[in-house]
Amino acid sequence: MVKPNPQLWRPVELKFFDRDPRRVAMDLLGKLLVRGRGVRLRAGRIVEVEAYLGVEDAAAHAFSGPTDRNRVLFGPPGRAYVYFIYGNHYCLNVSCQPPGQAGCVLFRALQPVLGISAMLRARGMDPRESRLKLVCSGPGRPAEALEITRQRDNGIHLTDPASGLWIADDGFRCGEIAASPRIGITKAAEQPLRYFLTGNPFVSRPRSPASPKIDVLETRL
DNA sequence: GAGGAGATCGTCT
DNA sequence: GACGATCTCCTCT
C-alpha cells in the first residue's frame, strides 16, 4: 500500500456538488473524507454512498419540505447535513444542487486510510483490533470514528479544510462502480441509488437485503 | 454466519 | 405517541 501523503490532497471544489446527487454520489467514490487540519488528520476513502433526490424522493428527509432539522439540504451545495437517528447514531450527508433543490448524498462506508488508531479510540474499540471493517462500515460508524455530531458539524463547508471536516481528491482511481437499491428504507426502496466500489471489503453490505439486484455502472482505471 | 430484538431519543404529526 | 437512511449483542443453526 502506498503511504498516504496529505500534502498532495486537494479539496473538492464547490461546483462538484452543484449537480444531480446521483452524479455526485458516483464521483465521490474513491475520494477521501478528512477530519482535522494540519497534523493529526483522520481520513477514510469513500467506498459506499446513497443518493437522495430531494422533494420528489419519498425516502429523502427533504420529501416533506424544509423543517428545522433538514434546512441545510435546501441551502447551498457542499454543506454537511448531520442528523441523529435511532437514539444512538449520527449520519453524515453532503448537500447537492443549487439552493432550493434538496438533493444530498449519504456517506455509508469508508475505508480507513489515516489516523486509524484515533478512529479506533473514538469508536471505543481495542487499539489492537484487526477487523478494520468494523471501524467505518455502515452510516453510523464513520460519524463516530471521525467524531461527527450535529451540534458541531451540521451546515459546515465540506469543500474547505479550515472547517475541520472536508472532502479531498488524491487522484485515486476507484475501479468498478456498482449500484443497488438503498438500504434500510421502506419508501421508494426499489430505486438503484446506492453506489459502491465492486469487491471493496469495506462496503457495508455487498448486496441489499431488499433486493439482490446489482448493476455494474462503469469502470474507472 | 444468520436472524432477531433491544437500546435510545430527536423529529414529525 | 409513533417512527426511524442503525448498531450491537445474543441466540440459534
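Bear in mind the structure is a predicted one, so any value in this text is a computation, not a measurement. We use all heavy atoms of the structure for the numbers below, so side chains are in, but hydrogens, waters and symmetry mates are not.
- For the pair A:Arg182 and A:Tyr52, the cation-pi criterion (under 6.0 Å, within 45° of the ring axis) is fulfilled.
- A salt bridge does not link A:Asp57 with A:Lys187: every distance from a Lys NZ or Arg NE/NH1/NH2 to an Asp or Glu carboxylate oxygen is 4.0 Å or more.
- In this structure, A:Arg45 is positioned above the aromatic face of A:Phe172, its NZ or CZ under 6.0 Å from the six-membered ring centre and within 45° of the axis.
- Under a cutoff of 6.0 Å and an axis angle of 45°, A:Arg71 and A:Phe74 do not form a cation-pi pair.
- A residue-by-residue look at A:Asn70 and A:Gly87 shows that A:Gly87 has its nearest nucleotide of DNA chain B further toward the 5' end.
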| query | Nucleotide by nucleotide, 5' to 3', does protein get under 4.0 Å of the base (B), only the sugar-phosphate (S), or neither (-) in nucleotides 5-13 of chain C, counting heavy atoms? | reply | BBSS-----
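- Salt bridge absent: A:Glu48 and A:Arg205 never bring a charged side-chain N and a carboxylate O closer than 4.0 Å.
- Between A:Tyr83 and A:His61, the ring centre distance stays below 6.0 Å.
- Searching all strands for a Watson-Crick or G-U wobble partner of B:dT8 with both distances below 3.5 Å returns nothing.
- Ion pair A:Arg150/A:Asp153 not flagged as a salt bridge, since none of the NZ, NE, NH1 or NH2 atoms sits closer than 4.0 Å to an Asp/Glu carboxylate oxygen.
- In this structure, CG of A:Asp68 is placed 14 Å from P of B:dG10, rounded to the nearest angstrom.
- Contact between the side-chain N/O atoms of A:Arg150 and the OP1/OP2 oxygens of B:dC9 is not found at any separation under 4.0 Å.
- If you check the side chains of A:Asn200 and A:Gln111, you find a donor sitting under 3.5 Å from an acceptor.
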Taking N or O atoms only and anything under 3.5 Å, show me the protein contacts with nucleotides 1-3 of chain C, one pair per line.
none

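- Applying the Watson-Crick and G-U wobble criteria (two distances, each under 3.5 Å), C:dA5 pairs with nothing in any strand.
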